[in-house]
Amino acid sequence: MSSSSTIRAFGSLLVRFSNGVSLKPSNSLSHNSYLSRKLSSLGGYSASGKWVSFEYGVHDRKISTFTPLCMGRRSCKIAGRKTAQDAKKTKLYARFGKEVVSAVKKGGPSPVSNTALAALFEKAKELDIPRDIIDRNIKRASEKDQEAYIEKFYEVYGYGGAGMVVQVLTDKVNRSVARVREVVRDYGGKMADSGSMMFKFKRARVLNIKSKDADKDQLLAIALDSGADDVIEPSSDEDDAEEDSESYYKIVSSMENYTAILTRLKEEGITFETDNGFELVPLTPVEVDDEAMDLNKEMMAKLLELDDVDAVYTDQK
């Protein structure tokens, strides 16, 4: 068999097996020992981004798929952090875009006459959001079939007595509640009546500071002088205890004292990340066991994958 024929046959196999499907060989391949020897040690990336390895026996062929391995624990943690940071930024941009659409729907596309849109321009500077995000969503707001967005909060009973509040900004309320219900049901939670969980939280401004950028005593002094409500220390989980981990202090503040804290942090040269306008902070965090904690985290992660969901808050400690 010619080299070009072998390449064409291999290309055909990659297409057929890109989804990790086991098939019986055709007669033309099963009796061709030359091609079998050529392909027996080959592999490649599938259309789904997974590595595909081929193993050939006398009577059948097997395909196994697996994701590329991290080279050591440090690289796995770095890759995981980058993915989480990218997802967080995507959520921020998506929510901000929806806020722009809503503002334009209510007051028009000019920030001169639309005070809500003008405030969003200032907010974009604070959150370091690119200008093209604003421009693109102003244009989207003028599309005929684009509806205004509505903010909703759905309350959920989690595992171990913990509660959750799912924050949604959606242009299709029925769609959003159906998808949230589906995830909660599939992951063992239970939808709660309105008001069942919300009273356990308070709305506050939150500033996040990487633990490597400031020490505890310095932040406590700033918080005390500026009228902050609380300083929450980084998680003490073993997985986050390594030197390279991205752990954060959280300065919790009322709306009134938020600007004063921002000013002090800038004066001290401390880098920080702002919230998206507010966060829901638990009044009394709930202690749960490890199993319940993992199950709640899994449910929250799945909820955050929904396009309509902007944030999920929990009182789990």
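With hydrogens and angles disregarded, no donor-acceptor distance shorter than 3.5 Å links the side chain of D213 to the backbone of I270. Looking only at distances, no side-chain donor or acceptor of R185 sits under 3.5 Å from a matching main-chain atom of K190. Between the K98 side chain and the Y149 main chain, no donor and acceptor come within less than 3.5 Å of each other. Here the side chain of D315 pairs no donor or acceptor atom with the backbone of V286 at under 3.5 angstrom. For the pair E287 (side chain) and K317 (backbone), a donor-acceptor distance under 3.5 Å is absent. D289 places a side-chain N or O within donor-acceptor distance of the main-chain N or O of A292, the cut-off being under 3.5 Å. Listed for the S176 side chain is a donor-acceptor partner under 3.5 Å among the backbone atoms of V173. Under a 3.5 Å cut-off, the side chain of N114 and the backbone N or O of A103 do form a donor-acceptor pair. The closest donor-acceptor contact from the side chain of S110 to the backbone of V112 lies under 3.5 Å. Put simply, the side chain of E155 never gets that close to the backbone of A192: no donor and acceptor are under 3.5 Å apart.
Salt-bridge check for E305 with K302: passed, with a basic side-chain N closer than 4.0 Å to an acidic carboxylate O. Looking at E151 and R95, a side-chain N of the basic residue comes within less than 4.0 Å of a carboxylate O on the acidic one, giving a salt bridge. We find that E147 and K105 are not joined by a salt bridge, their nearest charged nitrogen and carboxylate oxygen being 4.0 Å or further apart.
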Begin from the C-alpha positions of Q167 and L280 and carry the test side chain to side chain contact (heavy atoms under 4.5 Å, CB included) through to its verdict. CA-CA 10 Å; Q167 182 185 2; L280 295 180; over 6 Å; no
Check the pair M164 / T314 against side chain to side chain contact (heavy atoms under 4.5 Å, CB included), numbers first and verdict last. CA-CA 4 Å; M164 301 177 195; T314 180; 4.2 Å; yes
Step-by-step salt bridge (Lys or Arg N to Asp or Glu O under 4.0 Å) determination, K125 to E122: CA-CA 5 Å; K125 295 177 184 177; E122 293 302 315; 3.6 Å; yes
Derivation and outcome, side chain to side chain contact (heavy atoms under 4.5 Å, CB included), residues D229 and S254: CA-CA 7 Å; D229 295 339; S254 64; 4.2 Å; yes
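For K123, the NZ atom sits in a packed shell: over 12 heavy atoms of surrounding residues, nucleotides or ligands are nearer than 6.0 Å. In D307, the CG atom is not crowded: 12 or fewer heavy atoms of neighbouring residues, nucleotides or ligands sit closer than 6.0 Å. Within a 6.0 Å radius of CG in D128, other residues, nucleotides and ligands contribute 12 heavy atoms or fewer. The number of heavy-atom neighbours closer than 6.0 Å to CD of E126, taken from other residues, nucleotides and ligands shown, is above 12. Under a cut-off of 6.0 angstrom, the local environment of CZ in R264 is crowded, with over 12 non-hydrogen atoms contributed by other residues, nucleotides or ligands.
Under the 4.5 Å side-chain contact rule for hydrophobic residues, M255 and F201 share a cluster. Residues Y187 and L304 fall within the same hydrophobic cluster, defined by Ile, Leu, Val, Met, Phe, Trp and Tyr side chains chained together at heavy-atom separations under 4.5 Å. Cluster annotation: I138 and V101 are assigned to distinct hydrophobic clusters (Ile/Leu/Val/Met/Phe/Trp/Tyr, side-chain heavy-atom contacts under 4.5 Å, transitive). Under the 4.5 Å side-chain heavy-atom criterion for ILVMFWY residues, a single connected hydrophobic cluster contains both I261 and L220. No path of Ile, Leu, Val, Met, Phe, Trp and Tyr side chains, each step under 4.5 Å between heavy atoms, connects V156 with F153, placing them in separate hydrophobic clusters.
When all heavy atoms of Y249 and E233 are compared, the closest pair comes out as CD2-CA, 3.9 Å. Contact detail for P111 and A118: the closest heavy-atom pair is O-CB, 3.4 Å. Q218 and D215 get closest at one heavy-atom pair: N-OD1, 2.7 Å. Nearest heavy atoms, V288 versus G160: CG1-O, 3.4 Å.
Side chains of T271 and K210 form no contact here, defined as non-hydrogen atoms less than 4.5 Å apart. Using a 4.5 Å heavy-atom cutoff, the side chains of Y157 and M197 are in contact. Here the side chains of F121 and R131 are in contact, with some heavy-atom distance below 4.5 Å. At least one side-chain heavy atom of M191 sits under 4.5 Å from a side-chain heavy atom of V180. Using a 4.5 Å heavy-atom threshold, the side chains of R205 and L262 count as separate. Residues I150 and V168 have side chains not in contact (no heavy-atom distance under 4.5 Å, counting atoms from C-beta outward).
Under the side chain to side chain contact (heavy atoms under 4.5 Å, CB included) rule, V100 has a single partner from D135, L120, I133, which is L120.
One finds the CG atom of L207 at 13.0 Å from the OH atom of Y248 (value rounded to the nearest 0.5 Å).
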